[in-house]
Amino acid sequence: MIPQADPSRRIARHRDAVLAAITAVVDGHEYILGSHVGRFEQAFAGSLGAAHCVGVNSGTDAIALALRATGIGRGDEVLVPALTAAGTAAAVLQAGATPRFVDVEHSTRCLDPVAIEAAIGGRTAAIVAVHLHGHPIDMPRLLEIARHRSLVVIEDCAQAHGASLDGRTVGTFGNAAAFSFYPTKNLGCIGDGGAVVTSDPNIAKRVRALRNYGWQDGERLSATAGGNSRLDELQAAILLALLPHLDAGNGERRLLARRYRETLADSAVGLPACHPGSVYHQFAITVDRRDEIRRVLRESHGIGTGVHYDSPLHLQPAFAAFADEPLPVSEQLARDMISLPIQPEVAAQAVDTIAAALRSLVGPAERKAA
Ligand SMILES: Cc1ncc(COP(=O)(O)O)c(C=O)c1O
């Protein structure tokens with residue numbers, strides 16, 4: 001069976017470095033906010049070209065704390081794409097604000113700028129720009145829209161570690177950016193982890209306090225009501241060991257995506273937008289009869305696939321109260337998309353087999369009449 005993703009294979013690939021990192025923490029006698037967290041924060045910020053990184057416990061908390069640290073809270077409306085992980089919108093609620101769902105573009109699967117402009121209202125205070133599937137959203141265009149309306153922009157980079165636009169890394173465009181290190185991510189740990197990245201020292205300082213009971217400047221005094229959103233030493237040490245391999249892994253994903261494009265050309269498969277800065281956290285195609293094709297791939301060819309995501313957030317019970325209109329592109333993509341295996345440790349030897357099986361199921365592209 002070819003799984004859709006298997007983070008344990010990446011850990012196996014870097015096993016010696018990961019075990020050395022774990023041993024260093026065990027022998028270091030420092031388990032919370034010690035030297036590994038600080039070193040990882042510096043290394044990760046440096047790799048992105050950002051000034052500050054604050055390690056936290058998850059991508060969801062990273063978004064919530066970034067929103068709180070930029071002054072977003074009760075009474076504020078935050079625009080989020082309908083097609084994203086639940087954590088994106090859960091974080092808005094966690095910050096005390098209200099999510100407003102916006103449709104995405106069919107080709108990029110990221111926020112549609114025209115829909116954003118149409119959704120901005122009197123209470124809109126921020127946009128969470130999700131670089132879905134590792135595709136970098138057009139940040140200059142989005143920032144231009146935000147600047148006219150004085151909106152805060154938080155980048156959700158949970159699926160886009162190392163993605164770039166014209167040589168500039170995503171996560172360095174908005175007021176702040178949130179990363180997740182969930183095990184399947186392009187940079188993932190052995191548990192939960194996340195980070196807020198920003199070039200604004202005041203935002204970084206607030207997030208640092210908010211992740212640790214609201215304590216500031218080493219004083220055990222809660223200036224603000226923070227929680228416990230700390231990244232732990234063990235995860236930070238593992239991330240430090242894996243960070244040097246991120247670029248190579250992203251390069252392998254790009255080659256696999258190119259191979260899928262070549263082998264699926266002229267088939268009835270719909271391909272995702274092609275962008276040189278994408279890091280292909282997912283390679284999500286579209287097909288007719290999606291569920292049947294997934295079933296046959298699994299049962300007859302032993303190929304596991306995923307769907308990211310099969311229910312847009314505005315159609316999920318937890319967020320239904322914030323849904324005010326149909327969002328047809330997100331709804332269509334949720335019906336048609338299939339995430340093919342793209343993790344290098346899973347797909348490197350299997351990409352041609354997967355593409356051939358898919359081609360045999362969907363057939364050739366329909367020729368348009370001349
Ligand atoms: C786009 C996006 N945003 C937010 C999150 C939430 O991250 P975490 O699971 O680390 O809380 C995820 C992870 O699933 C994600 O993919």
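These values consider heavy atoms only, across backbone and side chains, with no hydrogens, waters or symmetry-generated copies. In this text, all values refer to a predicted model and were calculated from it rather than measured experimentally. Start at 1 and go down the list; that is how both ligands and their atoms are numbered.
- Ion pairing of Asp324 with Arg100 is present here, as a side-chain N (NZ or NE/NH1/NH2) and a carboxylate O approach within less than 4.0 Å.
- Ligand-side atoms of ligand 1 in range of Thr60: 6 (C), 7 (O), 8 (P), 11 (O), range being under 4.0 angstrom from any heavy atom.
- Heavy atoms of Phe179 found under 4.0 angstrom from ligand 1: none, in either backbone or side chain.
- Looking at every heavy atom in both residues, Leu333 comes nearest to Leu83 through CD1-CD2, 4.0 Å.
- Look at Glu252 and Arg13 and you find a salt bridge, because one of the NZ, NE, NH1 or NH2 atoms lies within 4.0 Å of a carboxylate O, short of that distance.
- Residue contacts with ligand 1 for Val130 involve side-chain atoms from C-beta outward but no N, CA, C or O (heavy atoms, distance under 4.0 Å).
- A donor-acceptor pair shorter than 3.5 Å can be found between the side chains of His36 and Glu233.
- Heavy-atom distances between Thr88 and ligand 1 reach below 4.0 Å in at least one pair.
- Of all protein heavy atoms, the one closest to atom 14 (O) of ligand 1 is Lys185 NZ, 3.2 Å.
- Nearest to atom 8 (P) of ligand 1 among the protein's heavy atoms is Gly59 N, 3.4 Å.
- Ranking the protein heavy atoms by distance from atom 4 (C) of ligand 1 puts Asp156 OD2, 3.6 Å first.
- The shortest N/O to N/O separation between Thr84 and ligand 1 does not fall below 3.5 Å.
- Salt-bridge annotation for Glu299 and Arg294: absent, with no side-chain N of the basic residue lying under 4.0 Å from a carboxylate O of the acidic one.
- The residue among Ser58, Gly87, Ala85 with a heavy atom at the shortest distance from atom 12 (C) of ligand 1 is Ala85.
- Aromatic ring orientation, Phe283 versus Tyr280: tilted (interplanar angle from 30° to 60°).
- Residue nearest to atom 15 (C) of ligand 1, selected from Gly194, Ser180, Ala158, Ala64: Ala158 (by heavy-atom distance).
- Aromatic ring centres of Phe179 and His161 lie closer together than 6.0 Å.
- Applying the 4.0 Å criterion to heavy atoms of Tyr309 picks out, from ligand 1, the atoms 16 (O).
- Salt bridge present: Arg259 and Asp352 bring a charged side-chain N and a carboxylate O closer than 4.0 Å.
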